[in-house]
Amino acid sequence: MIRTSTLRAQAMFMSPATLIGGAIVLPPALYILYTSVQGPNLSLAAFNAVLSSALFRNSLATTLYIAGLSSILSLILGFIVALHLARQPARRRSFFMVLVLLPFWTSVLVKCFAFTIILGRNGIINSLLSWIFNTSVTLPLVFNLVGTLVGMTNYLVPLVVLPVLASLLAIDRGIYRAASIMGAKPAHIFWTVTVPLSLPGVIAALVSVFVMSLGAFIVPALLGGSGNIMLANLVDFYNREVLDWPKASAISVLLFAMAIILTGLLALWRRRKV
């Protein structure tokens with residue numbers, strides 16, 4: 001009875017935001033789905049053409065590779081930051097959280113242009129290395145996979161810190177004291193206590209950043225090269241260059257379906273854990 005009343009209260013408070021979000025998102029989403037099946041013709045020719053295209057398969061492989069790698073890098077860096085924040089006093093933690101979120105509040109477009117200055121062939125890093133080694137250093141750090149991963153990781157790390165920090169703060173400090181009294185070393189406590197008990201936040205963060213990486217557009221467009229075309233860039237290509245809207249809509253539907261499946265798996269896992 002208590003659980004039912006709690007769910008009813010949650011539904012009552014969430015229903016206005018859900019209705020507004022649905023009213024904003026559903027009409028264009030339904031129109032994209034309508035376009036992908038070629039309107040009243042109800043044909044799957046666009047899906048068949050997309051799935052049989054080598055360009056789509058290459059872009060899908062690139063998208064999954066970049067999304068997976070950037071998610072793992074973001075998880076590692078974000079976990080380190082969250083672990084440091086969890087060990088700070090509340091007032092100092094609040095100040096550090098502002099510093100963590102500050103890059104997130106900055107436009108991703110501005111940050112991408114800043115990275116082109118930092119990572120360019122004549123950028124800050126190459127100029128500094130040239131000065132240190134007293135020779136011309138031109139490391140390819142932008143307009144390739146490296147630049148894409150740097151930009152993606154910078155954008156995703158704050159999204160990892162928040163859920164992981166919440167899981168770390170929820171761990172009872174008495175567990176650490178008990179493990180220490182029993183003679184466990186810090187490394188052993190980390191792997192047997194901290195990591196397992198923070199898994200809900202870790203899994204939620206990993207799935208969230210992976211789903212966001214699947215639809216990344218600005219970062220690979222500005223910092224990636226021609227060999228790092230992701231699905232969102234392919235949608236833009238079919239939409240603006242080729243003017244093939246059914247194929248662009250079909251790719252969008254497939255991309256949206258991937259995100260829904262991953263989010264559904266996360267929700268199912270959390271429900272089973274509860």
Q: Could you check C112 against I218 for side chain to side chain contact (heavy atoms under 4.5 Å, CB included), going step by step and ending with a plain yes or no?
A: CA-CA 8 Å; C112 286; I218 296 178; 4.3 Å; yes
Q | Separation of R121 CZ from S136 OG (nearest 0.5 Å) | A | 10.0 Å
(Q) As an exercise, state the distance from CG of L101 to CG of L162, rounded to the nearest 0.5 Å. (A) 5.5 Å
Q: Any chance you could pull the hydrophobic cluster mates of M182, using side-chain heavy atoms under 4.5 angstrom and chaining through other members?
A: none
Q.
If you apply the rule side chain to side chain contact (heavy atoms under 4.5 Å, CB included), what do you find for L85 with V100, and how did you get there?
A. CA-CA 10 Å; L85 291 177; V100 170; 4.2 Å; yes
(Q) I'd like to check L128 versus V137 (side-chain heavy atoms, cut-off strictly below 4.5 Å). Are they in contact? (A) no
Q: Can you measure from CG (L30) to CG (L33) and round to the nearest 0.5 angstrom?
A: 6.5 Å
Q: Kindly determine whether L77 and V160 satisfy side chain to side chain contact (heavy atoms under 4.5 Å, CB included), including the steps that lead there.
A: CA-CA 9 Å; L77 295 176; V160 173; over 6 Å; no
(Q) Checking side-chain polar atoms at under 3.5 Å, does T194 have a donor or acceptor matched by the opposite partner on Y176? (A) yes
Q | Distance in Å, I229 CD1 paired with F56 CZ, rounded so as to fall on 0.5 Å steps | A | 13.5 Å
Q. If you take all heavy atoms of L255 and G215, which pair is closest and at what distance?
A. CD2-CA, 4.2 Å
Q | Sub-4.5 Å side-chain heavy-atom contact between L156 and L159 | A | yes
Q. Going only through I, L, V, M, F, W and Y residues with side-chain contacts under 4.5 Å, is there a path from L26 to Y34?
A. no
Q | Minimum heavy-atom distance S70-M152, with the two atoms named | A | CB-CB, 3.8 Å
Q: Write down the atom of S43, the atom of Q38, and the distance for their closest heavy-atom approach.
A: CB-OE1, 3.9 Å
Q.
Counting C-beta onward and ignoring hydrogens, is there a side-chain heavy-atom pair between F79 and S198 closer than 4.5 Å?
A. yes
Q.
Clusters formed by hydrophobic residues whose side-chain heavy atoms approach within less than 4.5 Å: which one holds I76, and what are its other members?
A. I72, I80
**Q.** S53 side chain to A49 backbone, donor-acceptor under 3.5 Å
**A.** no
Q.
Within the 4.5 Å heavy-atom criterion, are L64 and L214 side-chain neighbours or not?
A. yes
Q. Quick one: which of L231, V50, V235 gives a side-chain contact (heavy atoms from CB on, under 4.5 Å) with L254?
A. V50
Q: Enter the distance from S213:OG to L69:CG here, rounded to the nearest 0.5 Å.
A: 10.0 Å
Q) Between S36 (side chain) and A250 (backbone), is there a donor-acceptor pair under 3.5 Å? A) no
Q) What distance separates L141 CG from L223 CG, expressed to the nearest 0.5 Å? A) 11.5 Å
Q) Does the side chain of Y65 reach to within under 4.5 Å of the side chain of L60, using non-hydrogen atoms? A) no
Q | Co-membership, hydrophobic cluster, residues I117 and L222, 4.5 Å side-chain | A | no
Q. Does atom CH2 of W105 have more than 12 heavy-atom neighbours from other groups under 6.0 Å away?
A. yes
Q: Report yes or no: does N239 contribute a side-chain atom to a donor-acceptor pair with the main-chain N or O of A248 at less than 3.5 Å?
A: no
Q: Report yes if some heavy atom in the side chain of V164 is under 4.5 Å from a heavy atom in the side chain of L83; otherwise report no.
A: no
**Q.** Any donor-acceptor N/O pair, N233 side chain to F217 backbone, under 3.5 Å
**A.** yes
Q: Taking atom CZ of F256 as the centre, report whether more than 12 heavy atoms of other residues, nucleotides or ligands fall under 6.0 Å from it.
A: no
Q | Same apolar cluster: F115 and L102, side chain cutoff 4.5 Å | A | yes
Q: Hey, could you give me each pair passing salt bridge (Lys or Arg N to Asp or Glu O under 4.0 Å) that has a residue in residues 171-191? Not counting sequence neighbours.
A: none
Q.
Show, in sequence, the C-alpha distance, side-chain angles and deciding distance for Y155 and M212, and conclude whether the side chain to side chain contact (heavy atoms under 4.5 Å, CB included) test is met.
A. CA-CA 10 Å; Y155 176 71; M212 292 196 65; 3.4 Å; yes
Q: Group every Ile, Leu, Val, Met, Phe, Trp and Tyr by side-chain heavy-atom contacts under 4.5 Å, then state whether F210 and I260 land in the same group.
A: no
Q | Side chain to side chain, D236 and M230, heavy atoms closer than 4.5 Å | A | no
Q.
On a heavy-atom basis, which atom in R93 and which in A86 lie closest, and how many Å separate them?
A. NH2-O, 3.8 Å
Q: Look at atom OH of Y31 and say whether more than 12 heavy atoms of other residues, nucleotides or ligands are closer to it than 6.0 Å.
A: no
(Q) So for atom CZ, which belongs to F96, do other residues, nucleotides or ligands contribute more than 12 heavy atoms lying within a distance under 6.0 Å? (A) yes
Q: Would you kindly confirm whether V110 and F143 end up in one hydrophobic cluster when ILVMFWY residues are joined by side chain heavy atoms under 4.5 Å apart?
A: no
Q: Measure the shortest side-chain to side-chain distance between M97 and L165 over non-hydrogen atoms and say whether it is less than 4.5 angstrom.
A: yes
Q | Nearest heavy-atom neighbours spanning I66 and L149 | A | O-CD2, 4.1 Å
Q. Within the distance-only criterion (no hydrogens, no angle test), does the side chain of N144 pair as donor or acceptor with the backbone N or O of P140 below 3.5 angstrom?
A. yes
Q: Without swapping roles, check the side chain of N126 against the backbone of G120 for a donor-acceptor pair under 3.5 Å.
A: yes
Q) Does T153 reach the main-chain N or O of V150 with its side chain, forming a donor-acceptor pair under 3.5 Å? A) no
Q) Counting distance only, does the side-chain N/O of S59 pair as donor-acceptor with the main-chain N or O of L234 below 3.5 Å? A) no
